Amino acid sequence: MPFLKDFELILDVKQVLRAQGADPAALEERSPMLLESAERALREGMPLVEPKVLYRELEVKSPGHEKLFLSGGESLKGRFISENLGRAREVFIILCTIGRALERRVSEITEVNMVDGLALDGVGSAAVEALANITCRYFENKASEAGLQSSMPFHPGMEGWPVEDGQPQIFNLLDGEEIGVKLTSSCMMIPQKSLTMVIGIGPDMYKRGSACDYCSMKETCPYR
């Protein structure tokens with residue numbers, strides 16, 4: 001299966017703090033030590049980030065009520081998917097990861113310094129989010145070059161597509177071990193700083209809303 005690598009991820013301290021659930025503006029005044037910890041984490045963590053993206057392109061043969069029939073006898077199941085990707089001409093099944101090196105270092109640091117360990121973990125969260133954003137733009141451009149439109153990315157865990165439904169389907173379509181990612185029996189990915197999504201492309205794939213609209217935390221999230 002094709003995969004992408006050699007991404008240039010550029011992060012700043014604010015992204016790291018947001019990935020930890022913190023408000024950068026508030027911390028600048030109240031907790032300068034946490035800012036310093038985030039800065040150290042960026043310097044140490046970024047060289048350990050190994051971004052890779054595995055994907056598979058499948059033609060949409062026909063949409064069903066609760067099933068999307070794909071080329072090669074494959075399919076994606078669920079009303080959420082069929083409703084949102086039924087108009088697609090093709091879908092891209094995508095797996096992003098930043099590898100295991102950073103997570104190993106987080107475990108080592110956390111044993112001796114919890115604050116620095118959390119900051120380093122924030123680097124990993126921010127990095128995989130940045131990788132996902134770059135990947136989305138890559139497939140948006142790919143669709144545009146073909147005179148098509150792309151959907152928003154759909155992730156297992158969105159409202160209407162539970163993780164326990166979506167993740168096994170994606171890993172049945174992708175061999176995650178090609179880029180070092182495994183799915184456990186509890187549907188957790190290892191390395192944890194990994195992310196899956198499905199993007200549809202077609203002549204009338206108008207984006208409806210954003211990922212935030214399908215998030216279970218949409219009513220309480222302070223960053224929406």
Side-chain angles (χ1 to χ4, degrees), residues 1-4 53-97 128-129 131-133 135-144 146-179 181-221 224:
M1 293 180 189
F3 71 92
L4 312 172
V53 175
L54 180 71
Y55 70 93
R56 185 177 179 187
E57 182 177 2
L58 292 166
E59 182 183 354
V60 176
K61 291 298 186 180
S62 63
H65 175 57
E66 293 190 357
K67 194 171 187 179
L68 204 63
F69 295 92
L70 307 173
S71 55
E74 307 286 10
S75 65
L76 284 170
K77 300 176 183 177
R79 181 179 299 179
F80 177 87
I81 286 296
S82 61
E83 287 180 350
N84 286 286
L85 293 171
R87 300 188 312 277
R89 178 180 295 177
E90 296 173 320
V91 293
F92 290 96
I93 317 297
I94 303 163
L95 169 62
C96 306
T97 188
V128 75
E129 181 180 352
L131 177 59
N133 290 335
T135 301
C136 288
R137 289 196 294 272
Y138 173 87
F139 288 105
E140 285 175 4
N141 292 337
K142 194 176 182 70
S144 180
L148 302 173
Q149 299 167 338
S150 64
S151 72
M152 62 177 282
F154 295 100
H155 308 270
M158 284 180 161
E159 283 190 348
W161 200 25
V163 169
E164 60 269 22
D165 291 344
Q167 291 293 41
Q169 291 188 58
I170 286 177
F171 276 80
N172 282 337
L173 296 172
L174 290 176
D175 182 4
E177 294 195 22
E178 288 190 24
I179 56 173
V181 182
K182 296 181 180 181
L183 187 69
T184 69
S185 58
S186 58
C187 294
M188 183 178 73
M189 288 182 286
I190 299 175
Q192 293 183 34
K193 301 307 182 188
S194 303
L195 181 149
T196 57
M197 57 185 162
V198 179
I199 295 176
I201 66 170
D204 59 348
M205 291 301 298
Y206 299 104
K207 291 186 174 69
R208 297 184 294 175
S210 69
C212 293
D213 297 324
Y214 299 89
C215 179
S216 60
M217 296 179 62
K218 62 185 176 184
E219 301 299 332
T220 57
C221 179
R224 188 178 182 188

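The structure presented is a predicted model; accordingly, all values stated were derived computationally and were not measured. Just the heavy atoms: all of them, side chains too, but no hydrogens, waters or symmetry mates, feed the values below. One-based numbering along the sequence shown.
Rounding to the nearest 0.5 Å gives a distance of 11.0 Å between OG of Ser75 and CD1 of Ile81. Rounding to the nearest 0.5 Å gives a distance of 11.0 Å between OG of Ser186 and CD of Gln167. Separation of atoms CE (Met158) and CG (Asn84) is listed at 8.5 Å; rounding is to 0.5 Å. Taken from CD1 in Ile170 to CG in Asp165, the straight-line distance is 11.5 Å, to the nearest 0.5 Å. Rounded to the nearest 0.5 Å, atoms CD (Glu57) and CD1 (Ile199) are 12.0 Å apart. To the nearest 0.5 Å, the span separating OH on Tyr138 from OH on Tyr55 amounts to 4.5 Å.
Ring geometry for Phe80 versus Trp161: interplanar angle under 30°, hence parallel rather than tilted (30 to 60°).
Between Thr135 and Met197 there is a side-chain heavy-atom pair separated by less than 4.5 Å. Side-chain atoms of Met205 and Ser150, non-hydrogen and from C-beta on, never get closer than 4.5 Å to each other. Residues Cys96 and Ser194 form no side-chain contact, since every pair of their non-hydrogen atoms from C-beta on lies 4.5 Å or further apart. The shortest distance between side-chain heavy atoms of Ser71 and Lys61 falls below 4.5 Å.
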Does the pair Lys67 and Leu76 meet the rule for a side-chain contact (heavy atoms from CB on, under 4.5 Å), with working shown? CA-CA 6 Å; Lys67 194 171 187 179; Leu76 284 170; over 6 Å; no

Evaluation steps, side-chain contact (heavy atoms from CB on, under 4.5 Å), between Leu85 and Phe154: CA-CA 9 Å; Leu85 293 171; Phe154 295 100; 3.9 Å; yes

Hey, mind stepping through Val60 and Leu70 against side-chain contact (heavy atoms from CB on, under 4.5 Å) and telling me if it holds? CA-CA 5 Å; Val60 176; Leu70 307 173; 3.9 Å; yes

Could you walk me through whether Phe171 and Met189 pass the side-chain contact (heavy atoms from CB on, under 4.5 Å) check? CA-CA 10 Å; Phe171 276 80; Met189 288 182 286; 3.8 Å; yes

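The shortest heavy-atom contact between Leu173 and Arg56 is O-NH1, 3.0 Å. Between Pro156 and Gly166, the shortest heavy-atom distance links the atoms CG-C, 3.8 Å. The two residues Glu83 and Arg87 make their nearest non-hydrogen contact at O-NH1, 4.5 Å.
Remark: of the listed residues Ile93, Thr196, Leu174, Val181, Leu174 is the sole one forming a side-chain contact (heavy atoms from CB on, under 4.5 Å) with Leu54. When the options Leu131, Leu95, Leu195, Ile179 are evaluated for a side-chain contact (heavy atoms from CB on, under 4.5 Å) with Val53, the one that passes is Leu131.
For the pair Lys142 and Glu140, the salt-bridge criterion is not met [side-chain N within less than 4.0 Å of a carboxylate O].
Checking side-chain atoms of Gln169 against main-chain N and O of Lys77 turns up a donor-acceptor pair under 3.5 Å. Side-chain N or O atoms of Ser82 include one that pairs as donor or acceptor with a backbone N or O of His65 at under 3.5 Å. For the pair Glu90 (side chain) and Glu59 (backbone), a donor-acceptor distance under 3.5 Å is absent. Proximity of a side-chain donor or acceptor of Ser151 to a complementary backbone N or O of Gly200 within less than 3.5 Å is detected.
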